Visitor: 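First, the structure itself, so that you have it in front of you.
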Amino acid sequence: MRAAPVCLPVSFTFGAWIAFPEDKPKLPDAPGKVTTVKLCGTCHAAEIVMSRRESQEGWSGVVEDMLQRGFRASEDDLGEVKGAPMPKVNVNKTDAAGLVAGLGIQSGHAAAIVNYRQEKGSFKSLADVLKVPGIDASAIEAKEYRLEF
């Protein structure tokens with residue numbers, strides 16, 4: 001007898017979900033929709049994306065978090081999804097504070113990059129930067145799209 005009251009609400013809720021599938025949130029028809037679906041839709045459904053109420057700055061933070069986790073996309077696509085392209089950071093000209101602010105890396109790692117650059121000369125590629133002893137290579141690789149040489 002106890003199972004009947006539980007089954008009725010579950011059945012009603014499930015039946016309503018099937019009867020009204022158009023009530024699911026959808027991405028608005030706006031600039032960046034196609035790119036957002038292409039980039040984010042491989043892992044996340046629109047319902048998940050739309051359940052978050054983020055400002056443009058908030059979405060930029062979400063995208064940065066995904067990039068830190070290893071997500072890869074072209075700079076143009078990222079700019080379209082985030083609403084504004086991220087500025088490049090010239091690893092051959094930027095001081096340690098600029099590397100921290102621009103790439104979000106630890107100050108000790110930024111200092112190591114600057115010291116290595118002063119000792120060995122300018123970087124020509126990401127591979128050169130990854131040779132710096134003591135840096136978090138995965139953090140630098142995640143920001144590859146932001147590096148300028």
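Keep in mind it's a predicted model, so treat the numbers as computed, not measured.
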Visitor: If you round to the nearest 0.5 Å, how far is CG of Asp95 from CZ of Arg117?
Guide: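 The distance works out to 8.0 Å.
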Visitor: Shortest non-hydrogen contact from Ala96 to Ala110?
Guide: O-CB, 3.4 Å
Visitor: Under the salt bridge (charged side-chain N to carboxylate O under 4.0 Å, His left out) definition, can you give me all pairs with a residue in residues 125-138, not counting sequence neighbours?
Guide: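 Listed once each, the pairs are Asp128-Lys131.
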Visitor: Say you draw a straight line from OG of Ser138 to CZ of Arg69; how long is it, rounded to the nearest 0.5 Å?
Guide: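 Reported to 0.5 Å precision, the distance equals 13.0 Å.
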Visitor: Might you point out which heavy atoms bring Ala112 and Pro133 nearest each other, and give the distance in Å?
Guide: CB-O, 4.1 Å
Visitor: Decide if atom CD of Glu141 counts as having more than 12 heavy atoms of other residues, nucleotides or ligands within a radius under 6.0 Å.
Guide: yes
Visitor: If only atom types and distance count, is the side chain of Asp77 paired as donor or acceptor with the main-chain N or O of Ala73 below 3.5 Å?
Guide: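 Flag not set: sc Asp77 to bb Ala73 has no pair under 3.5 Å.
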Visitor: Cluster partners of Val114, using ILVMFWY side-chain heavy atoms under 4.5 angstrom, listed by chain and number?
Guide: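 Taking Ile, Leu, Val, Met, Phe, Trp and Tyr as members, Val114 shares its hydrophobic cluster with Val89, Val91, Leu99, Leu103, Ile105, Ile113, Tyr116, Phe123, Leu126, Val129, Leu130, Val132, Ile135, Ile140, Leu147, Phe149.
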Visitor: Can you name the side chain to side chain contact (heavy atoms under 4.5 Å, CB included) partners of Glu148, sequence neighbours left out?
Guide: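 Lys88, Asn90.
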